J.: 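Please see the structure below; I have some questions.
Quick caveat, the model's predicted, so the values are computed rather than measured.
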Amino acid sequence: MTTVAAYAAPAAKAPLERTTIERRAVREHDVLIDIKFAGICHSDIHQAREGWGEAIFPMVPGHEIAGIVSEVGPGVTKYQVGDRVGVGCLVDSCRECDNCKAGLEQHCTGGSVGTYNAVGKDGEPTYGGYSEKVVVDENFVVRIPEGLALDEAAPLLCAGITTYSPLKRWGAAPGKKVAVIGLGGLGHMGVKIAHALGAEVTVLSQSLRKKDDGLKLGADHYYATSDETTFKELAGTFDLILSTVSAPLDFGAYLGLLKANGALVNVGAPEEPIALNLFSLIGGSKTLAGSAIGGIAETQEMLDFCAEHGIGAEIELIAASEINEAYERVVASDVRYRFVIDTATI
C-alpha cells in the first residue's frame, strides 16, 4: 500500500478537504500513474452532493485523469515507465459479458467499476483523480498521444468521449446538420468534435452570451433558446441534436427541431425525471436516446482523433485549494470551459 495526498468530500454536500488515502500495491497487470492533471466534471459535483442518489464517503472525485507511468507490474505489456497515459470513468469490468467483449465496458452486465464512488472487485472503495497517484489495471488505461498537452487532454477522458461516441454513432459527418444544446464542459467539446467530423454545427444556448466563443470553437450558427422565434425558425432542421446540459428541458420542443428520422441524444443527466408526450416522437419517427461515455477502445480512438485534429479542451488551470470555489462556479456556469486541477498543488 502507498499513502498519497488527495482532496476528498468527507460527507455529502461537505466542502472537499485535503487528506490522505491508500493506494494498493502494484499487482501483476497494474500500472502506477503519477497524476499530473485532473479535470472537474459536473458529475463530480452531482456525486459529491448525492444529487444522483446515495454515495460512498469519504469520496475522492475525478475521472478525467492525465499523468505519467511511474511503475508497472511484471505482467504489463501495453505500457512502460515514462508513458503519457489517461484514465477515464472506468477502472474495471467483468470482461466476460457480451458487452465487455464488444468493447462496451461501460455497459458491463456483470457490473463495471467506476473510477470513484464505487467498490472494486477487492471489496475496497475506489478513489479518483483528485490525488497524487492512482493504480489501475493496464486494460483500463489509455495512451495520450504526444500531440496533446496533458492538461488539455485530461477532460477528454470524460467530456471528450462522452460527446465523441454519440456523434460517431449517430453519423455526424459532412452533409449532416448537428445541434449541440449547451456550451459548457461537454458542449464545447461536442462543438469541436462535430466540426472536425465535418458536420454543419449549431449551438443552442439559453442566451447569446457565449456566441463569439461558440463560433471560434467551430460552430456555424448560434441561437438563443430563450428567444421564442428560435424554435419556429429552426423547426425540422437537424439530423442530430446532442443535449449536454444537466438541467431538465422541454424535450417536446427540442424534438420539434429534428428532421424526420432524426435523433435527440442526451448525455447530460438531470437529477429530476422528465415528462414527455410520446406524439413528439411518433410524429416524424424520431428518436430520443441516451449515451454513456464509451468503451476503452473507443476512448483511445477518440484521443487519437483529437490529436490528429489538434483538439484539446478549453481549460482553466487551478490549484487544488480552489476546488470548492470551482464547484460553485461550475454550478453557476462560470467556467470557460473546464476546470483542471494541477495535482502538483495537492
Side-chain angles (χ1 to χ4, degrees), residues 37 39-42 64 66 144-145 147-168 170-227 230 234 237-247 254 257 264-268 291 294 302-318 326 329-330 332-340:
F37 301 100
I40 292 179
C41 178
H42 203 151
E64 297 181 338
I144 296 177
L148 294 173
L150 286 181
D151 54 356
E152 295 180 3
L156 302 183
L157 277 303
C158 176
I161 186 59
T162 294
T163 51
Y164 178 85
S165 183
L167 287 169
K168 286 281 287 186
W170 273 276
K176 297 293 185 179
K177 293 185 177 182
V178 174
V180 177
I181 303 175
L183 192 70
L186 288 173
H188 93 283
M189 289 306 310
V191 169
K192 285 190 172 192
I193 292 170
H195 173 75
L197 288 167
E200 181 180 334
V201 184
T202 297
V203 174
L204 301 174
S205 184
Q206 288 182 311
S207 73
L208 300 180
R209 181 168 56 95
K210 300 178 183 177
K211 180 177 180 179
D212 288 345
D213 282 0
L215 298 179
K216 289 177 183 177
L217 293 169
D220 299 286
H221 315 284
Y222 201 107
Y223 288 84
T225 55
S226 56
D227 184 344
T230 291
L234 298 179
T237 294
F238 301 108
D239 300 285
L240 170 64
I241 300 174
L242 184 68
S243 175
T244 70
V245 300
S246 57
Y254 284 95
L257 303 182
L264 195 170
V265 182
N266 201 62
V267 296
S291 181
M302 175 274 304
L303 287 169
D304 295 340
F305 176 88
C306 287
E308 178 184 352
H309 292 272
I311 297 173
E314 302 294 313
I315 67 169
E316 290 190 35
L317 194 63
I318 64 170
R329 287 182 57 193
V330 169
S333 299
D334 179 26
V335 53
R336 300 291 177 90
Y337 281 90
R338 198 67 146 188
F339 285 118
V340 173

J.: Kindly compute the distance separating CG (L234) from CG (L204), expressed to the nearest 0.5 Å.
T.: 6.5 Å
J.: Closest heavy-atom contact between L257 and I241?
T.: CB-CD1, 3.8 Å
J.: Quick one: CD1 on I311 to OH on Y164, what's the gap to the nearest 0.5 Å?
T.: 9.5 Å
J.: Nearest heavy-atom pair of L156 and C306: which atoms, and what distance?
T.: CD1-CB, 4.0 Å
J.: Does R329 come within less than 4.0 Å of E316, counting only side-chain N to carboxylate O?
T.: yes
J.: Mind running salt bridge (Lys or Arg N to Asp or Glu O under 4.0 Å) on K192 and E314 for me, showing each step along the way?
T.: CA-CA 10 Å; K192 285 190 172 192; E314 302 294 313; 2.6 Å; yes
J.: With a 4.5 Å heavy-atom cut-off, do S291 and N266 have their side chains touching?
T.: no
J.: Please tell me whether H221 and E200 have a donor and an acceptor in their side chains that are separated by less than 3.5 angstrom.
T.: yes
J.: Applying the side chain to side chain contact (heavy atoms under 4.5 Å, CB included) criterion to M189, which one of V180, T162, T163, I161 satisfies it?
T.: T163
J.: Does S243 reach the side chain of Y254, with side-chain heavy atoms less than 4.5 Å apart?
T.: no
J.: Specify whether Y337 and H188 have parallel, tilted or perpendicular ring planes, treating 30° as the upper limit for parallel and 60° as the lower limit for perpendicular.
T.: parallel
J.: Between atom CD of E64 and atom CD1 of I315, what is the distance when rounded to the nearest 0.5 Å?
T.: 11.0 Å
